[in-house]
Amino acid sequence: MIRFEDIDESNWRHPLKVAQSQTKYVAGSTTLLARAYAYRHFRSRAFLICDGETPVGMGLYYDEPELGCYDLSQLFIDERYQGKGYGKAATAQILEILRQDGRYPKVILCYVEGNDAARNLYHRFGFRETDRDEDEIVMELTL
């Protein structure tokens with residue numbers, strides 16, 4: 001069973017990263033942390049995805065009040081732990097947290113065109129494509 005651990009001064013340096021072939025699709029932990037800081041006034045939550053005490057990935061979501069939704073801004077599983085179901089488990093847990101929060105009726109996210117793993121994962125949860133922004137595909141899910 002995975003758990004989330006909020007990122008703070010004690011754990012932000014974990015050396016988590018995606019495979020080199022995925023770097024064109026997924027921003028690294030530094031960008032995730034910068035984005036969390038930039039959106040801190042929108043209840044941003046940056047967290048480690050842990051299997052027991054082992055960090056296996058990172059995620060970030062925050063409010064988008066102008067759009068009336070949550071933004072699942074980033075989710076990645078470290079290259080050493082991919083293919084083990086962590087992305088699916090983390091997505092399910094994030095969506096449940098947002099449903100329980102209940103502030104907004106939907107979630108949006110973007111993925112970079114060509115990232116078939118992300119597209120397939122989000123389709124499995126019922127996200128549908130709603131828009132494009134250059135090479136990014138916008139998806140939405142009603143909670």
Side-chain angles (χ1 to χ4, degrees), residues 1-131 133 136-143:
M1 180 75 167
I2 64 163
R3 65 180 182 80
F4 297 157
E5 182 178 315
D6 289 336
I7 294 175
D8 62 22
E9 70 282 353
S10 71
N11 63 10
W12 68 274
R13 291 183 183 226
H14 283 288
L16 300 170
K17 63 180 182 172
V18 296
Q20 183 63 36
S21 63
Q22 297 171 315
T23 58
K24 63 184 171 187
Y25 301 126
V26 181
S29 59
T30 303
T31 300
L32 183 148
L33 294 173
R35 192 174 288 144
Y37 180 78
Y39 284 89
R40 67 192 179 279
H41 301 297
F42 295 94
R43 297 191 319 149
S44 66
R45 182 180 183 199
F47 53 92
L48 294 171
I49 301 163
C50 298
D51 183 357
E53 295 303 310
T54 304
V56 298
M58 294 178 81
L60 169 67
Y61 60 82
Y62 49 83
D63 293 351
E64 279 285 359
E66 287 185 20
L67 300 176
C69 63
Y70 301 100
D71 189 329
L72 177 47
S73 178
Q74 193 166 343
L75 172 69
F76 76 85
I77 304 301
D78 183 88
E79 63 184 331
R80 298 167 290 173
Y81 304 104
Q82 292 180 4
K84 299 177 190 281
Y86 292 121
K88 182 178 177 183
T91 302
Q93 195 165 327
I94 291 165
L95 294 176
E96 184 56 30
I97 289 167
L98 298 178
R99 280 185 188 101
Q100 288 181 13
D101 181 68
R103 184 173 285 199
Y104 302 106
K106 64 184 177 179
V107 181
I108 61 168
L109 59 81
C110 295
Y111 73 92
V112 176
E113 188 170 15
N115 188 348
D116 295 336
R119 182 193 69 223
N120 294 338
L121 173 67
Y122 298 130
H123 271 290
R124 275 187 239 134
F125 281 93
F127 280 89
R128 60 182 176 76
E129 296 176 11
T130 59
D131 201 0
D133 184 9
E136 289 191 350
I137 291 118
V138 180
M139 299 182 88
E140 180 178 302
L141 173 72
T142 300
L143 294 172

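In plain terms, the two heavy atoms of Leu67 and Ile108 that are nearest each other are CD1-CD1, 3.8 Å. Residues Ala19 and Gln82 share a closest heavy-atom pair of N-NE2, 4.4 Å. Taking each heavy atom of Ile2 and Ala89 in turn, the nearest pair found is CD1-C, 3.6 Å. Between Ala36 and Ala46 the shortest heavy-atom distance is CB-CB, 3.8 Å. The two atoms that bring Pro65 and Phe42 nearest to each other are CD-CD2, 3.4 Å, heavy atoms only. Shortest non-hydrogen contact noted between Val56 and Asp51 is CG1-CB, 4.1 Å.
Residues Ile97 and Phe4 have side chains in contact (heavy-atom distance under 4.5 Å, counting atoms from C-beta outward). The closest side-chain heavy-atom distance from Asp133 to Asp131 is not below 4.5 Å. Proximity of Asp78 to Met58: side-chain heavy atoms (C-beta onward) are nowhere separated by under 4.5 Å.
Scored by the ring pair (Phe, Tyr, Trp, His ring centres under 6.0 Å) test, Tyr62 finds Tyr39 as partners (sequence neighbours excluded). For Glu64, there are no side-chain hydrogen bond (donor to acceptor under 3.5 Å, both in side chains) partners two or more places apart in sequence or in a different chain. Residues that satisfy the salt bridge (Lys or Arg N to Asp or Glu O under 4.0 Å) test with Asp6, not counting sequence neighbours, are Arg45. The salt bridge (Lys or Arg N to Asp or Glu O under 4.0 Å) test applied to Arg3 returns Glu5, Glu53, not counting sequence neighbours. Scored by the ring pair (Phe, Tyr, Trp, His ring centres under 6.0 Å) test, Phe76 finds no partners at all (sequence neighbours excluded). Residues that satisfy the side-chain hydrogen bond (donor to acceptor under 3.5 Å, both in side chains) test with Tyr70, not counting sequence neighbours, are Asp101. Legend: residues meeting side-chain hydrogen bond (donor to acceptor under 3.5 Å, both in side chains) with Arg99, ordered by chain and number and at least two apart, are absent. With sequence neighbours excluded, no residue forms a side-chain hydrogen bond (donor to acceptor under 3.5 Å, both in side chains) with Ser21.
Applying the salt bridge (charged side-chain N to carboxylate O under 4.0 Å, His left out) rule to pairs touching residues 11-23 yields Lys17-Glu79, sequence neighbours excluded. For residues 30-40, there are no salt bridge (charged side-chain N to carboxylate O under 4.0 Å, His left out) pairs, not counting sequence neighbours.
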Do any side-chain atoms of residues 23-33 form donor-acceptor pairs under 3.5 angstrom with protein atoms, and if so which ones, sequence neighbours left out?
| residue | atom | partner | partner atom | Å |
| --- | --- | --- | --- | --- |
| Thr23 | OG1 | Gln20 | O | 2.9 |
| Tyr25 | OH | Gly114 | O | 3.4 |

Distance-only donor-acceptor pairs under 3.5 Å for side chains of residues 136-143, two or more places apart:
none

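Taking NZ of Lys88 as the start and CD of Gln93 as the end, the distance is 14.5 Å to the nearest 0.5 Å. With rounding to the nearest 0.5 angstrom, the CG atom of Leu95 is 10.5 Å from the OH atom of Tyr61. Here Asn115 contributes atom CG and Asn120 contributes atom CG; the two are 9.0 Å apart, rounded to the nearest 0.5 Å. With values rounded to the nearest 0.5 angstrom, Leu72 atom CG is found 6.5 Å from Thr91 atom OG1. Note that CG of Leu121 is 8.5 Å distant from CZ of Phe127, once rounded to the nearest 0.5 Å. Interatomic distance, CG of Leu48 versus CG of Asp8, reported as 8.5 Å (0.5 Å rounding).
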Verdict with supporting geometry, Leu75 and Leu109, side-chain contact (heavy atoms from CB on, under 4.5 Å): CA-CA 10 Å; Leu75 172 69; Leu109 59 81; over 6 Å; no
Test Tyr122 against Glu129 for side chain to side chain donor-acceptor pair (under 3.5 Å), laying out the working first. CA-CA 10 Å; Tyr122 298 130; Glu129 296 176 11; over 6 Å; no
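Ser73 and Asp71 share no side-chain donor-acceptor pair at under 3.5 Å.
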